[in-house]
Trainee: 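This is the structure I have questions about; it appears just below.
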Amino acid sequence: MNAPIRIGVAGLGTVGASLVRLITRHGNDLAVRSGRPIVVSGVSARDIGRDRGIDTSGMEWFDDPVALARDPGNDIFVELIGGADGAAKASVEAALGVGKHVVTANKALLAEHGNALARLAEDGAASLNFEAAAAGGIPIIKTLRESLAGNTVSRIYGILNGTSNYILTRMEQERLSFEDCLAEAQKLGYAEADPSFDIGGQDAAHKLALLTSIAFGTEVDASAIYVEGISSITSADIEAADELGYRIKLLGVACRTDSGIEQRVHPAMVPRTSAIARIDGVTNAVAVEADFVGQLVLSGPGAGGDATASSVVSDIADIARGDRVGTFGRPASDLEPYRRATMRAHEGGYYVRLSVYDRPGAFAAISQRMADRGISLESIVQRHRAPRTAAPGHLIPVAPAPVIMITYETTEAEMRAALETIKADGHIADDPQMIRIEQFT
């Protein structure tokens, strides 16, 4: 057996504590599988006195994670602090700057600074591994970077945020409102007190940016991703999707187009029979479409201390064995500049829900506006109006009629232009609801 490989862990939150427990519990097996014993030699966290349920007595304590990153007493620096800047960025740069291998679960850091950090790692002949950053316990990075090295990827998509998937699942299964499901997710610890990063789509966008870089060999560009969250999804949309044979999922999608690489995160209607539609609760899933393997779907826990720690250890074991690949699957200098596809050129079918005033000619005018933009309607359904009551002697106000339309394939630009005109015509009471329809097998 070779000499132990020593790791320094910065951040002892849920994932950091799970990592220490995993290494302690499975140390013998890890030593056999990686060819070297793996030991935690140093740690850094905010509060030295906090009870984390782990024994750190044999580990050197560092108040400053940058000092831990530079310390020659460890061979691998593991960053579990979080955040795109601050201590996380400074400590990773410090470790790579002295040629030390880095393992991180920090998607925000890599989405914002991945290109520069990959070059820094390459300059120092160090590894920068991040299996845990994209989908928790799902080994999607290794799959893309290594197992599919002989394939050309045409599309990658998936459910990349467990909080949003949990909320949408509960809305469908229990017929609850978005607000009620969000409150439940917060109570159970699936959503933060400030859930905007999850339900707004930014968390999924950071993960998608990393997957896109590896899948298509481009530089990371999180700013190029079109992002919509799930807060606009209502019970009416969930029920309509069910009746039409769809389920609503927050998806991250990246694909090749004639104009460049399209990256988008938004709610989508997916066929109930598709593999991605069957992913419920906090589970994540990633699907890859490639020329030689066809379609692969990987699913599993996308977050949580134990699942994420499992992915961190897989990166550590790779380094211990001497396995090295480019951070994003190829040398940083060979990553192509990201060429952004125009979102308005996106093509597909659409679900549209309108609250239409009961006026002569209103439906005909709406249909005409769609036809003016070359949009064909597959179906149009008028829902029952909500009941209205009035005091004796007063007229009962007429409620707008909910109308649901499903379009044939069209472009984003034409769809948005038609809805803007319909709204300007004054025939609808509220902003139109538009959800893209994705066709998956």
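Values reported hereafter were calculated over all heavy atoms of this structure, with side chains retained and with hydrogens, waters and symmetry mates removed.
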Trainee: Do D425 and R369 meet the salt-bridge criterion of a basic N to acidic O distance under 4.0 Å?
Mentor: yes
Trainee: Taking I140 as the fixed residue, which of N284, L211, L160 is the one that meets the side-chain contact (heavy atoms from CB on, under 4.5 Å) rule?
Mentor: L211
Trainee: If you count every heavy atom of other residues, nucleotides or ligands that lies below 6.0 Å from R33 atom CZ, does the total exceed 12?
Mentor: no
Trainee: Just to verify, what does R339 make a salt bridge (charged side-chain N to carboxylate O under 4.0 Å, His left out) with, not counting sequence neighbours?
Mentor: none
Trainee: With no hydrogens and no angle check, is any side-chain donor or acceptor of H113 less than 3.5 Å from a backbone partner on A84?
Mentor: yes
Trainee: Sequence neighbours excluded, which residues qualify as side chain to side chain donor-acceptor pair (under 3.5 Å) partners of T234?
Mentor: D237, R353
Trainee: Quick one: does N165's side chain have a donor or acceptor within less than 3.5 Å of a partner on G281's backbone?
Mentor: yes
Trainee: Going by the rule ring pair (Phe, Tyr, Trp, His ring centres under 6.0 Å), which residues pair with F440 if we only count those two or more places apart in sequence or in a different chain?
Mentor: Y157
Trainee: Show your working on side-chain hydrogen bond (donor to acceptor under 3.5 Å, both in side chains) between S164 and D198 and close with a plain yes or no.
Mentor: CA-CA 7 Å; S164 293; D198 291 315; over 6 Å; no
Trainee: Considering only NZ, NE, NH1 and NH2 on the basic side and carboxylate oxygens on the acidic side, decide whether E93 and K89 come within less than 4.0 Å.
Mentor: yes
Trainee: Among residues at least two apart in sequence or on other chains, which ones pass salt bridge (charged side-chain N to carboxylate O under 4.0 Å, His left out) with E174?
Mentor: R170
Trainee: Less than 4.0 angstrom from a charged side-chain N to a carboxylate O is my criterion; do R436 and E412 meet it?
Mentor: yes
Trainee: Taking atom CG of L22 and atom CD1 of I54, what is their separation to the nearest 0.5 Å?
Mentor: 12.0 Å
Trainee: Could you check whether any side-chain heavy atom of T104 comes within less than 4.5 Å of a side-chain heavy atom of V78, counting everything from C-beta outward?
Mentor: no
Trainee: Treating S34 as the side-chain partner and L30 as the backbone partner, does any N or O pair qualify as donor plus acceptor under 3.5 Å?
Mentor: yes
Trainee: Looking at every non-hydrogen atom in both residues, tell me the closest pair between A275 and V297 and how far apart they are.
Mentor: CB-CG2, 4.3 Å
Trainee: Using side-chain heavy atoms (C-beta onward) and a distance below 4.5 Å, is L377 in contact with I406?
Mentor: no
Trainee: Would you indicate whether E192, at its atom CD, is surrounded by more than 12 heavy atoms from other residues, nucleotides or ligands within a distance under 6.0 Å?
Mentor: no
Trainee: Identify, with sequence neighbours excluded, every residue that meets side chain to side chain contact (heavy atoms under 4.5 Å, CB included) alongside S91.
Mentor: P65, V66, A69, F77, E79, I81
Trainee: Decide yes or no for V253 and Q263: does some side-chain heavy atom of the first lie under 4.5 Å from some side-chain heavy atom of the second?
Mentor: no
Trainee: Is it true that D55 and R21 have a side-chain N and a carboxylate O under 4.0 angstrom from each other?
Mentor: no
Trainee: Counting only N and O atoms by type, is there a donor-acceptor contact under 3.5 Å from the side chain of S213 to the main-chain atoms of A209?
Mentor: no
Trainee: Is any side-chain N of the basic residue among R175 and D242 closer than 4.0 Å to the acidic one's carboxylate O?
Mentor: yes
Trainee: Can you tell me how far CG of L19 sits from OG1 of T14, rounded to the nearest 0.5 angstrom?
Mentor: 12.5 Å
Trainee: Does some side-chain heavy atom of E146 sit less than 4.5 Å from a side-chain heavy atom of V325?
Mentor: yes
Trainee: Between atom OG of S376 and atom CZ of R373, what is the distance when rounded to the nearest 0.5 Å?
Mentor: 14.0 Å
Trainee: Under 4.0 Å between a side-chain nitrogen and a carboxylate oxygen: does that hold for E172 and R247?
Mentor: yes
Trainee: Just to verify, what does D323 make a salt bridge (charged side-chain N to carboxylate O under 4.0 Å, His left out) with, not counting sequence neighbours?
Mentor: R321
Trainee: Between R52 (side chain only) and L12 (backbone N and O only), is there a donor and an acceptor less than 3.5 Å apart?
Mentor: yes
Trainee: Judged by atom type as modelled, is there a donor-acceptor pair below 3.5 Å linking the side chain of T56 to the main-chain atoms of M59?
Mentor: no
Trainee: Quick one: pull up SG in C181 and CD1 in I230 and give me the separation to the nearest 0.5 Å.
Mentor: 9.0 Å
Trainee: Please confirm whether the backbone N or O of N151 pairs with a side-chain atom of D291, one donor and one acceptor, at under 3.5 Å?
Mentor: no
Trainee: Side-chain contact, heavy-atom cut-off 4.5 Å: I375 with M415?
Mentor: yes
Trainee: Once ring-ring contact (aromatic ring centres under 6.0 Å, His included) is applied, what residue pairs with a partner in residues 208-264 remain, sequence neighbours excluded?
Mentor: none
Trainee: V265 and G201: which non-hydrogen atoms are nearest, and at how many Å?
Mentor: CG1-O, 3.8 Å
Trainee: Holding to ring pair (Phe, Tyr, Trp, His ring centres under 6.0 Å), I want the full list of residues that pass it with F130, two or more places apart in sequence or in another chain.
Mentor: F328
Trainee: Looking at E131 and D315, would you say the former's side chain and the latter's main chain have a donor-acceptor pair under 3.5 Å?
Mentor: no
Trainee: Which is it for D63 and R46 under the salt bridge (Lys or Arg N to Asp or Glu O under 4.0 Å) test, yes or no, and what are the steps along the way?
Mentor: CA-CA 7 Å; D63 293 322; R46 291 179 181 174; over 6 Å; no
Trainee: Strictly by modelled atom types, are N129 and S127 linked by a side-chain donor-acceptor pair under 3.5 Å?
Mentor: no
Trainee: Backbone N or O of H266 within a donor-acceptor pair of the K249 side chain at under 3.5 Å?
Mentor: no
Trainee: Restricting to ring pair (Phe, Tyr, Trp, His ring centres under 6.0 Å), what partner residues turn up for Y338, sequence neighbours left out?
Mentor: none
Trainee: Using a 4.5 Å cut-off on heavy atoms from C-beta on, say whether the side chain of Q433 contacts that of V352.
Mentor: no
Trainee: Using side-chain heavy atoms (C-beta onward) and a distance below 4.5 Å, is I428 in contact with K423?
Mentor: yes
Trainee: Taking only residues two or more places apart in sequence, or in another chain, which ones meet L298 in a side chain to side chain contact (heavy atoms under 4.5 Å, CB included)?
Mentor: I138, P139, T143, L296
Trainee: Counting only N and O atoms by type, is there a donor-acceptor contact under 3.5 Å from the side chain of S311 to the main-chain atoms of G136?
Mentor: yes
Trainee: To check you understand the geometry: which heavy-atom pair defines the closest contact between S18 and D306, and what is its length?
Mentor: OG-OD1, 3.1 Å
Trainee: Taking only residues two or more places apart in sequence, or in another chain, which ones meet H101 in a ring pair (Phe, Tyr, Trp, His ring centres under 6.0 Å)?
Mentor: none
Trainee: At their closest point, which heavy atom of I276 faces which heavy atom of I159, and how far apart are they?
Mentor: O-CD1, 3.6 Å
Trainee: For the residue pair Y350 and E409, confirm or rule out a side-chain donor-acceptor distance under 3.5 Å.
Mentor: no
Trainee: Between Y190 and E184, is a side-chain hydrogen bond (donor to acceptor under 3.5 Å, both in side chains) present by the stated rule, with each step listed?
Mentor: CA-CA 9 Å; Y190 296 148; E184 182 182 76; over 6 Å; no
Trainee: Identify the heavy atoms of T169 and D280 that sit nearest to each other, and give their distance.
Mentor: OG1-CA, 3.7 Å
Trainee: Among residues at least two apart in sequence or on other chains, which ones pass side chain to side chain donor-acceptor pair (under 3.5 Å) with Q368?
Mentor: D372
Trainee: What's the separation between atom OG1 in T218 and atom CZ in R256, rounded to the nearest 0.5 Å?
Mentor: 9.0 Å
Trainee: Flag the pair R264 and E438 as a salt bridge only when some basic side-chain nitrogen lies within less than 4.0 angstrom of an acidic carboxylate oxygen.
Mentor: yes
Trainee: Is any side-chain heavy atom of D203 closer than 4.5 Å to a side-chain heavy atom of T163?
Mentor: no
